[in-house]
Every structure is written in structure tokens, then in C-alpha cells.
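Note sheet for the following structure.
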Amino acid sequence: MGNPIAVSKDHSQTAYDHLWMHFTRMSSYENAPVPTIVRGEGTYIYDDRGKRYLDGLAGLFVVQAGHGRAELAEAAHKQAQELAFFPVWSYAHPKAVELAERLAHYAPGDLNKVFFTTGGGEAVETAWKLAKQYHKLTGNHTKYKVISRAVAYHGTPQGALSITGLPALKAPFEPLVPGARKVPNTNFYRAPVHGDDPEAFGRWAADQIEQQILFEGPDTVAAVFLEPVQNAGGCFPPPPGYFRRVREICDQYDVLLVSDEVICAFGRLGTMFACDKFGYVPDIITCAKGMTSGYSPIGAAVISDRIAEPFFKGKNTFLHGYTFGGHPVSAAVALANLDLFEREGLNQHVLDNESSFLGTLSKLHDLPIVGDVRGNGFFYGIELVKDKATKESFTPEECERLLYGFVSKGLFENGLYCRADDRGDPVVQLSPPLIAGQDTFDEIEQILRGVLTEAWTRI
């Protein structure tokens with residue numbers, strides 16, 4: 001046995017030495033402290049110096065019910081004492097069964113089968129593999145391709161990364177899984193056609209999916225992956241009629257429609273599943289994040305009975321799984337979280353307050369740097385521009401200096417944790433816990449106003 005490890009109290013230095021942070025330019029912390037968050041309460045988080053920040057991103061679109069909910073911690077504690085772990089590989093345990101039933105109850109149409117994962121990227125990976133095998137089992141052996149949208153983010157596993165529409169995220173890991181094709185997204189602010197008619201633009205954007213299916217050959221396309229509100233690029237909501245037309249196209253060409261709701265499900269838009277907000281029934285829903293409000297990791301693919309049917313016959317088996325999928329503790333926390341949703345009416349709270357949130361953020365339109373404010377529910381993006389009249393954006397060098405060099409740091413220093421993102425045009429994204437109200441909206445707007453006003457002077 002070796003000597004006991006000496007635990008350092010300087011988390012910042014230890015973080016740099018040993019903790020490889022995700023999507024992080026590690027060199028930026030070589031001579032600077034790593035921000036270290038030690039506590040959360042309600043809509044706020046606190047660092048190791050005691051400074052308070054408004055959590056304007058709900059962790060990472062996750063902490064729906066807010067920080068410090070004792071009942072969720074207690075649900076985890078109770079379940080860990082009773083059954084801390086058992087896999088759902090040919091066996092069941094009560095909490096996975098109960099949660100699957102609960103999700104099937106919330107899901108629209110005949111989406112009654114639940115395949116658990118430990119996160120969103122795994123759920124997307126599951127959906128693509130499922131779509132491929134489904135078509136093989138139903139005699140369509142050449143259907144393997146998927147269609148998704150430009151700038152969309154669908155996860156980091158090799159398959160999910162292939163579906164992702166962000167070239168810079170994919171280049172270091174190529175070659176990726178073949179067969180992933182891209183179509184235009186629904187950024188109405190930068191619509192290449194029908195810029196004065198949202199419905200016509202939506203029809204055009206949906207029809208690009210049909211054109212891509214025809215170009216590839218309908219006998220080769222397995223599925224279409226779409227977020228209800230696209231995250232990367234800055235919260236693109238669907239234009240009127242968009243999903244209705246997409247559903248028609250998928251039905252016409254025997255292509256599965258996957259609603260990627262890793263961010264948008266569980267109240268982010270004010271409904272348990274976001275497809276209900278926009279009136280369409282997909283074949284598969286992928287979800288994760290808010291299912292437990294982040295108190296324990298879990299994800300799922302919720303699948304139509306029609307798609308599941310061939311897998312429930314004879315010797316057919318979906319040869320896919322994850323050790324921690326449907327983890328008993330995570331499932332117990334999810335059930336407690338969903339109980340809390342219903343008891344406190346969190347979905348209705350979002351629906352009642354989304355217009356106030358949007359209206360408060362829209363006050364920022366008077367700033368010369370703010371080009372567009374868009375989104376839905378408690379999920380908004382503010383696009384930054386160099387010229388409001390022409391919608392001219394910033395160059396990559398300007399984005400580097402503006403977003404990373406000032407805006408991101410400035411917001412955090414002024415007490416707002418959110419995301420300044422340039423995985424498309426530069427945007428600031430807001431996605432606070434669902435318990436937020438007008439006081440939170442006002443605080444977000446005031447901090448943004450101060451930082452963005454100063455940012456304009458630095459251009």
C-alpha cells in the first residue's frame with residue numbers, strides 16, 4: 001500500500017494539473033485560476049471564494065428545478081441504500097420500469113418503448129443504430145443514411161458527431177461514420193429566401209429535406225434528426241408549419257423522424273416533450289439533461305410501437321446497450337423530479353412567463369450590437385452583429401477577441417453564468433432554471449446590457 005494521497009485545498013491549481021475539462025482551451029488556465037463552483041441554491045451558484053452568480057444556463061440546459069432541491073438528493077440516498085446498481089440487460093428493476101412507464105405516458109402518439117442511456121449523445125447514437133437495424137429488419141437493407149441540419153449539435157460519440165452539423169467540431173476526428181447529410185437550418189434572421197414570410201421560409205426549409213432525400217435516393221435514407229428548437233447557432237425556433245411538412249415528407253419516403261429533445265424536453269419550452277409544443281409526433285424522441293434536473297445522469301430514446309415491433313419478434317435483438325443505462329439511482333431521481341414538476345406546475349410556469357422573458361430580453365434591441373433575440377420557452381439566443389442595418393457579423397478574429405476575450409469573461413465577472421457561443425454567428429444563450437421569474441429576467445437583462453454596451457466600445 002502506498003502513502004495516503006495528500007488532498008490539496010487549492011482546487012484551482014489541482015484542476016489545471018489533473019482535471020481535463022470538457023470543450024475547454026486548457027492553456028487559458030496555465031496562469032489563471034480555474035473557476036470553481038462549490039454550491040448551488042435556487043437560481044444561483046457560488047464559487048470557492050463565496051461569490052454568487054446567476055445560473056443563466058441551468059448548468060448546461062439541465063437544472064430545471066433549480067439548485068439545492070433536498071427531495072431529489074433524498075430520493076438518490078434512499079434508492080442507493082435499497083438497490084444502488086443493477087443493469088437492465090435482460091433484467092428489470094422497479095425504478096427503471098416505473099420511469100419507462102412515466103415517460104411513455106408523457107410521450108405523444110404510440111411512443112411507448114423506452115431505451116435508457118446515461119446521456120444525450122448516447123441517446124442519439126442509440127436512435128441512429130435503431131433506425132438502421134429497423135430498416136434491415138423490415139427488408140430495407142440499403143437505408144442507413146441520416147439527414148440533419150447545418151450548425152446543429154447532436155453529441156460527441158462518433159455517430160452523433162457525424163450527425164452534428166459543425167465542421168470545426170468534426171475535423172479532428174475524421175473520418176467519421178459515413179452517411180450523414182446536411183440541410184439548411186431554420187435561422188429566419190438570416191433566411192436566404194422568404195425573409196419576409198416565416199411560413200413560406202418554413203415550407204422552403206422543410207422541402208430541402210425532401211430534396212436531399214431525393215438526391216441521395218429514398219431507398220438509402222433511414223432517418224431525419226431535428227431539434228424542436230435548434231441549440232447551436234443560437235436557438236432557432238421552427239417556422240409555422242415546418243414540422244407538419246417534415247412529418248409528411250418522412251411518411252412519404254419511409255424515413256424515421258427523430259426529435260432530438262436532449263435540451264428541449266422536460267419543461268425547457270413549457271411542455272414535457274417539446275414536439276407537443278409544435279404539434280408533431282416523431283418516431284423516436286431522444287432526451288436526457290432535464291429528466292433529473294441534473295441531480296443524476298440519465299438519458300433515453302423513446303420509441304414508437306411501430307418501430308419497436310420487429311425487435312419484439314422471434315430471435316430479433318437490438319444488440320446495443322450501456323452499463324449504466326436506466327441506473328436505479330438516476331431513475332429514482334428522475335421520478336422524484338417529475339413528481340416535483342407536476343406538484344409545482346413547472347411547465348405551466350414556463351408557459352405563463354415565456355413572453356415576459358422574451359420581452360425583457362428584447363429590450364436589448366436598443367443596443368447597436370444586438371441583431372436578433374430569438375427562441376422559445378425559457379431558451380433564448382441573442383445574436384451579436386457589427387452592423388444592425390446590414391446584419392454584418394464579426395470575423396473569426398473579432399469573435400475571438402470579442403466573445404472569448406471580453407464578453408464571456410465580462411458576463412461571469414459581473415455575476416452571470418451563461419454561454420457566449422460562436423459555433424455559427426456569435427450569440428449569447430440564456431436558459432435559466434425553470435423556477436426563474438421576472439426578478440431573474442431583469443437581472444439577466446441588466447448584466448447583459450452593461451457588458452454588451454462596453455463590448456461595443458471595444459470593437
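Worth saying up front: this structure is predicted, and the values here are computed from it rather than measured. Start at 1 with the first residue, then count along the sequence.
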### Query
Please walk me through it: do Lys277 and Glu261 pass salt bridge (Lys or Arg N to Asp or Glu O under 4.0 Å)?
CA-CA 12 Å; Lys277 184 100 180 252; Glu261 305 196 10; over 6 Å; no
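No hydrogens or angles considered: nothing links the side chains of His141 and Lys136 as a donor-acceptor pair under 3.5 Å. Side-chain atoms of Glu216 and Gln212 form a donor-acceptor pair, as typed in the model, at a separation below 3.5 Å. Looking only at atom types and distance, the side chain of Asn140 has a donor-acceptor partner in the side chain of Asp254 under 3.5 Å away. Side-chain contact annotation: Asp442 with Gln438, donor-acceptor N/O pair under 3.5 Å present. Side-chain contact of Thr286 with Asp260: a donor-acceptor pair under 3.5 Å is present, judged by distance alone. Side-chain N/O atoms of Tyr295 and Ser330 include no donor and acceptor closer than 3.5 Å.
Relative to the ring axis of Phe225, Arg149 does not place its NZ or CZ within 45° and under 6.0 Å from the centre. Cation-pi geometry between Arg374 and Tyr380 is not met at under 6.0 angstrom from the ring centre and within 45 degrees of the axis. Cation-pi check for Lys289 over Phe266 is not met; the charged atom does not lie both under 6.0 angstrom from the ring centroid and within 45 degrees of its normal. A cation-pi arrangement is present between Lys113 and Phe312 under the rule of less than 6.0 angstrom and at most 45 degrees off the ring axis.
Of all non-hydrogen atoms in Pro432 and Ala58, the two that sit nearest each other are C-CB, 3.9 Å.
With Asn337 contributing its side chain and Gly290 its backbone, the two residues share a donor-acceptor pair below 3.5 Å. Side-chain atoms of Ser162 come within 3.5 Å of backbone atoms of Val177 as a donor-acceptor pair (strictly under, hydrogens ignored).
Outside the 6.0 Å centre-distance limit, the rings of Tyr280 and Tyr242 are not counted as a close aromatic pair. Taking the six-membered ring for Trp and the full ring otherwise, the centers of Phe116 and His327 sit at least 6.0 Å from each other. The distance between the ring centers of Phe311 and Tyr134 does not fall below 6.0 angstrom. Aromatic ring centres of Phe86 and Tyr91: separated by under 6.0 Å. Ring pair Phe412/Tyr53: centre-to-centre distance below 6.0 Å.
The environment of CD in Glu101 is sparse: at most 12 heavy-atom neighbours from other residues, nucleotides or ligands sit within 6.0 Å. Few gaps surround NE2 on His365; more than 12 heavy atoms of other groups in view lie less than 6.0 Å from it. Taking a 6.0 Å sphere around CZ of Arg244, one finds it holds 12 or fewer heavy atoms contributed by other residues, nucleotides or ligands.
Here the rule is ring-ring contact (aromatic ring centres under 6.0 Å, His included) with Phe201, and of Tyr189, Phe236, Phe188 only Phe188 fits it.
Salt bridge Glu199/Arg245: absent, no basic N to carboxylate O contact under 4.0 Å.
Interatomic distance, CD1 of Ile263 versus SG of Cys287, reported as 13.0 Å (0.5 Å rounding).
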